[in-house]
Amino acid sequence: MIKGGNPRKRPPPPSSHQPSPASKHQATTPTPPPPSTEEDFVDEDVFFDETLMGEEDVESLILRDFEERQALASRLSKWARPLLSDAHISQSRSIALPSSLAAVLVFQQLEIDYVIGESHKGLLPDSSGQAAIIRIFGVTGEGHSVCCLVHGFEPYFYISRPPGMGPDDISHFHQTLEGRMKEMNRNSKVPKFVRRIELVHKRSIMYYQQQKSQPFLKIVVALPTMVATCRGILDRGIQIDGLGMKSFITYESNVLFALRFMIDCNIVGGNWIEIPAGKYKKTAKNMSYCQLEFDCLYSDLISHAPEGEFSKMAPFRILSFDIECAGRKGHFPEPSHDPVIQVANLVTLQGEEQPFIRNVMTLKSCSPIVGVDVMSFDTEKEVLLAWREFIREVDPDIIIGYNICKFDLPYLIERAQTLGIAEFPILGRIRNSRFLVELRVTFLVYILVIDAGLFYRQYGTRESKEVTVEGRVQFDLLQAMQRDYKLSSYSLNSVSAHFLSEQKEDVHHSIISDLQNGNAETRRRLAVYCLKGGNARGIGEWILLWASNPSLVEVYLLSEDAYLPQRLLDKLMYVYNYVEMARVTGVPISFLLSRGQSIKVLSQLLRKSKQKNLVIPNVKQAGSEQGTFEGATVLEAKAGFYEKPIATLDFASLYPSIMMAYNLCYCTLVTPEDVRKLNLPPECVNRTPSGETFVKPELQKGILPEILEELLSARKRAKADLKEAKDPLEKAVLDGRQLALKVSANSVYGFTGATVGQLPCLEISSSVTSYGRQMIEHTKKLVEDKFTVLGGYEHNAEVIYGDTDSVMVQFGVSDVEAAMNLGREAAEHISGTFTKVRLLL
DNA sequence: CGCAACCCCTAT
DNA sequence: TTAGATAGGGGTTGCG
C-alpha cells in the first residue's frame with residue numbers, strides 16, 4: 001500500500017509558474033526523470049509550491065521511516081476497499097487479452113472535472129498537442145473506486161453568422177481569428193487555437209421568432225480557457241473582409257467546461273455511467289489512487305437516466321473526521337504555533353447505519369477505548385502522516401465534518417507546512433498532485449453617495465481559505481446547516497440538540513419495561529438506547545474520569561465530534577437530498593455545495609435548449625444602470641387579537657403556476673417592435689398587467705413553462721410514489737427528490753429576475769409579479785364579496801393579512817371545523833375563477 | 001421632534 | 001471571481 005503511494009517521483013513543475021528552485025533539486029538528481037504520462041497531466045488550477053517539495057527530504061524520509069511505515073501500513077490495510085474481482089484484474093492487466101473478455105464497466109459518478117494533458121494518441125490518432133481531459137470519479141456497485149479519463153470532448157461556443165458569409169469567408173474569418181488568438185497567447189504550445197468553425201443552424205432563445213432557424217457558427221477551440229479569450233476578441237470586434245470591424249454577441253460561451261461535457265453527453269450529477277466492454281483501456285500509468293483507472297472516448301460513454309435500477313446509490317465511503325489542537329491559553333489555535341494532538345475518524349458505507357471504522361490518532365499514549373482503534377504516536381509528524389496514509393488506504397468518496405472546510409483541513413495543511421512535511425498534503429486521488437490552499441481575497445465595494453453625483457468607493461477585503469481535495473466531495477455540515485436552515489446558533493452542540501434531540505426522547509422511560517418484555521428486536525432497541533445513555537455522563541462522572549486519565553476524556557469527547565456530523569448527515573438525509581438535487585438539476589454535487597442557485601437553472605435551461613436547437617446568448621452586464629422591478633403586494637395587516645379561527649388560503653407554487661399559465665419565457669416574449677410589425681392576432685398573445693406581450697403556446701411553447709411542468713409533474717409522481725413506498729431507503733430517495741423538485745421550480749423565477757445573473761429577463765419577472773399582485777387583489781375581493789351576510793353567510797368575512805401568495809381570512813365563525821369548511825369552499829370558488837391557471841399541488 | 005438614509009432582519 | 005428577487009418593519013444616526 002505504501003508502495004502504491006510512493007511519492008519518489010518528483011511532480012512536474014508546471015511550465016506556467018515555477019521559478020528556479022527546480023534547478024537546485026536537479027543538482028542532487030543528475031538524471032532528470034524520464035518523460036512519463038504523469039508529467040503530461042498538469043492541472044490548470046493547481047500550482048505546486050516548490051518550497052514544499054524538497055525531494056531530498058522525501059527520499060531519505062522514506063528510507064528512514066520505512067519499517068515504521070510498513071507496520072503502520074499493515075495496520076491500516078484492513079480498511080482498504082474490497083479487492084478487485086478476477087474480471088477486473090484480468091481486464092486491468094489485459095492489453096493482450098481480446099477485448100471481448102473485458103467486462104462492462106458501470107459506476108456512479110460523484111465528481112467531474114478536467115485537466116490539461118497531452119492528447120491521447122491511441123484513442124485520438126488524428127490529434128496532437130494539449131487537450132482537455134475530463135476526469136470522472138465514482139464508485140461501482142461493488143464499492144470499487146473509479147477514475148475515468150475521457151478524451152476527445154472539445155470546448156466550443158457559437159456566434160451568429162453574419163449575413164452573406166460564405167464558406168470562403170468563413171475560412172478567412174477562421175484565419176483572422178486564429179491570428180488574433182496567437183497574439184493573445186504568444187507562449188502557448190498549442191499548434192492550433194481555433195480547431196475549426198462549423199456552420200450550424202440554430203435559433204436564439206431570446207424573443208419570439210417566426211423563423212425556425214438561422215445560420216450560426218460553432219467555434220471549436222483547443223482548450224477550455226480559450227473560449228473566454230476568443231469571446232473577448234469577438235466582443236471587442238474583429239476585422240472581417242467586406243464587413244469592416246464587427247463585434248459579435250457570443251452564445252453559450254460562459255458554460256463551464258465540465259458542465260458543457262455533462263450536458264452534451266446527457267450526464268446529470270450523481271448518475272450511473274456505463275462504458276461498454278472493449279471501449280476502455282487501462283491507463284498506461286496510473287495518475288490516480290483509484291482502483292480502476294482507464295481512458296475512453298467521450299462518444300463511447302453511456303449515461304443512464306436516474307430511474308429504476310439506476311436510481312440506486314453506490315456504497316460510497318463517507319469519512320467523518322475531527323481534529324483537536326492544543327491552543328495556548330486564551331488564544332485560538334494557530335497552525336504556526338499550536339500542534340495537532342488528535343484526529344478522530346469514522347468511516348461509514350452509504351446506506352449502512354453504523355460506521356465500520358472508528359479510530360483515533362493521538363499524540364502521545366492513550367488508553368484503549370472499547371470499539372475504537374486507538375493509534376498513538378510520539379511525534380506530531382507521525383500523526384499527520386498516519387492520517388494521510390489512512391486517507392489513501394480508506395480512499396473515501398465523501399469527506400464530512402463540522403467546519404472542516406474553514407478550519408480542520410486548512411489547519412492540517414498549514415500545520416504540515418510549518419513542520420516541513422512535504423509529503424503530507426496529498427489527500428486527493430491524484431498522484432503527485434499537491435493539495436491546494438487557495439487564498440481568496442474578496443473585494444467588497446461600498447459606494448457612498450455624498451451629495452448628488454459624488455461617489456466614494458471604499459474597498460474592504462475578506463480572506464478565505466479553501467483546500468481542494470481532488471476526486472473527493474467535501475461536505476461541511478456547518479456550511480450545509482447555514483445554507484439550509486435558519487437557526488439562532490450554529491455550534492455543533494446546539495445544532496445537534498436541535499436535530500438529534502428527539503432521538504433521546506425516542507424511547508420514553510414509561511415504555512422501557514414494554515420493550516424489555518417484547519421480543520429480541522424491541523430489546524435491541526432498548527439496548528441501543530442504553531448505550532446512548534451510557535455516553536451521556538453527568539459532569540461529576542466526567543471529572544472523576546478526567547482525574548484518572550485525562551486523555552481518555554478527550555478521546556470520548558472527540559469521537560462524539562466526529563460522530564455527530566455523521567448522524568446529522570443521516571438524520572437530514574443529506575446524501576439522498578443532494579444527489580437527488582444534482583440529478584434533477586443536472587449539475588455535479590460539488591456545484592450544489594459551493595455555488596449559488598442560478599447555475600442549477602442555467603443547467604436545466606441549457607439542456608432543454610439543446611433539445612430544441614436553441615442557443616443562449618451571453619448578454620453583457622451593461623453599465624451600472626440595471627433596471628429594477630416591482631415585487632409582490634403585501635396586504636395591510638389588520639392588527640388585533642383574533643380569538644376566532646383564521647383560515648389561510650395559499651396558492652400552491654404561485655410563481656411557477658403563473659409562468660406556466662401565461663407561457664412566460666425568453667422565447668415567447670415579443671419585442672415592442674415586433675408587436676407593431678408582426679401584427680399577431682390578439683387571441684394568440686397574452687398581454688401581461690405590466691404591459692409585456694407573450695405569445696400563447698399554440699405559436700411557440702415556452703421552455704421555462706416546460707421545465708416547470710416537468711419539475712412539478714415529477715414532483716407529483718415522487719409524492720405519489722412516496723406514499724406507496726415501503727422500504728425506508730426508497731422513501732428517503734423519493735422524499736429527497738420531491739423536495740429537490742420543489743426548490744428547483746421555485747428558483748426559476750428568481751433566475752429571470754437576477755439582474756447580475758446569466759440571463760436576466762425583467763420582462764418575465766415583472767410580468768410574474770404583476771400577475772401575482774392581480775391575483776392577490778382578486779382573491780381578497782372575491783372572498784370579501786362572496787362571504788357576506790347579504791350573500792347568505794352568518795358573518796362578513798374579513799381579510800386580515802396577505803403577502804405574495806397567501807391571504808388570511810377571518811370568516812367570523814368561532815369553531816375550527818366551520819372555518820375549515822368555509823376556507824375549503826373559498827379555495828374552490830377562487831380556483832374556479834382562475835380556470836386558466838392550473839394550480840398544481 | 002420629524003425626516004431621510006441606512007443597516008439588519010424577516011416574509012414570501 | 002462571484003452572484004435568485006422585492007417588500008416592509010424596526011432601529012440608529014445625523015440634521016434642522
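As a basis for the values below, the full set of heavy atoms in this structure was taken, side chains included, without hydrogen atoms, waters or symmetry mates.
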Nucleotide N/O of nucleotides 6-10 of chain C paired with protein N/O under 3.5 Å:
residue: C/dT6; atom: OP1; partner: A/Thr628; partner atom: OG1; Å: 3.3
residue: C/dT6; atom: O3'; partner: A/Gly631; partner atom: N; Å: 2.7
residue: C/dA7; atom: OP1; partner: A/Gly631; partner atom: N; Å: 3.0

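- Side-chain atoms of A/Ser806 and A/Thr648 form no donor-acceptor pair, as typed in the model, at a separation below 3.5 Å.
- Aromatic ring pairs are classed by plane angle as parallel below 30°, tilted from 30° to 60° and perpendicular above 60°; the pair A/Phe257 and A/Phe153 is tilted.
- For A/Glu825, the side chain to side chain contact (heavy atoms under 4.5 Å, CB included) test picks out A/Lys786, A/Phe787, A/Tyr793, A/Leu822, with sequence neighbours left out.
- Here A/Ser594 lies in heavy-atom contact (under 4.0 Å) with sugar-phosphate atoms only.
- In terms of the side chain to side chain contact (heavy atoms under 4.5 Å, CB included) criterion, residue partners of A/Ala222 (sequence neighbours excluded) are, by chain and number, A/Val190, A/Arg195, A/Met226.
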Report, one line per pair, each donor and acceptor closer than 3.5 Å where one atom sits in a side chain of residues 474-481 of chain A; sequence neighbours left out.
residue: A/Gln474; atom: NE2; partner: A/Val467; partner atom: O; Å: 2.6
residue: A/Asp476; atom: OD1; partner: A/Asn403; partner atom: N; Å: 2.8
residue: A/Asp476; atom: OD1; partner: A/Leu478; partner atom: N; Å: 2.9
residue: A/Asp476; atom: OD2; partner: A/Asn403; partner atom: N; Å: 3.4
residue: A/Asp476; atom: OD2; partner: A/Ile404; partner atom: N; Å: 2.9
residue: A/Asp476; atom: OD2; partner: A/Cys405; partner atom: N; Å: 2.9

Which atom pairs link the protein and nucleotides 8-10 of chain B when you take only N or O atoms and keep those under 3.5 Å?
none

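- Nucleotide C/dG4 holds its P atom 16 Å from the CE atom of A/Met659, rounded to whole Å.
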Could you tabulate the donor-acceptor pairs under 3.5 Å formed by side-chain atoms of residues 248-256 of chain A, not counting sequence neighbours?
residue: A/Thr250; atom: OG1; partner: A/Ser253; partner atom: OG; Å: 2.8
residue: A/Glu252; atom: OE1; partner: A/Arg260; partner atom: NH1; Å: 2.8
residue: A/Glu252; atom: OE2; partner: A/Ile616; partner atom: N; Å: 3.1
residue: A/Ser253; atom: OG; partner: A/Asn618; partner atom: ND2; Å: 3.0
residue: A/Asn254; atom: ND2; partner: A/Gln758; partner atom: OE1; Å: 2.4

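- As rounded to whole Å, 14 Å separates atom C1' of C/dG4 from atom CG of A/Leu704.
- Between A/Gln597 atom CD and C/dT2 atom C1' there is a gap of 14 Å when expressed in whole angstrom units.
- With sequence neighbours excluded, the residues forming a side chain to side chain contact (heavy atoms under 4.5 Å, CB included) with A/Tyr642 are A/Lys638, A/Ile646, A/Ile800, A/Gln810, listed by chain and number.
- In this structure, A/Leu759 atom CG and C/dA5 atom P are separated by 14 Å, rounded to whole Å.
- Whole-Å rounding puts the A/Arg595 CZ to C/dG4 C1' distance at 16 Å.
- For A/Gln738, the side chain to side chain contact (heavy atoms under 4.5 Å, CB included) criterion is met by A/Arg715, A/Ala718, A/Lys719, A/Asp735, not counting sequence neighbours.
- The distance from atom CG of A/Asp803 to atom C1' of C/dA5 is 13 Å, rounded to the nearest whole Å.
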N/O donor to acceptor pairs below 3.5 angstrom from side-chain atoms of residues 581-597 of chain A, sequence neighbours left out:
residue: A/Arg583; atom: NE; partner: A/Gly270; partner atom: O; Å: 3.0
residue: A/Arg583; atom: NH1; partner: A/Ser311; partner atom: O; Å: 3.0
residue: A/Arg583; atom: NH2; partner: A/Gly270; partner atom: O; Å: 3.0
residue: A/Arg583; atom: NH2; partner: A/Lys312; partner atom: O; Å: 3.2
residue: A/Thr585; atom: OG1; partner: A/Met581; partner atom: O; Å: 2.7
residue: A/Ser590; atom: OG; partner: A/Glu111; partner atom: OE1; Å: 3.1
residue: A/Ser594; atom: OG; partner: A/Ser590; partner atom: O; Å: 2.9
residue: A/Gln597; atom: OE1; partner: A/Lys600; partner atom: NZ; Å: 3.3

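- What separates NZ of A/Lys600 from P of C/dA3 is a distance of 12 Å, to the nearest Å.
- Atom pair A/Asp805:CG and C/dA5:P shows a separation of 19 Å (rounding to whole Å applied).
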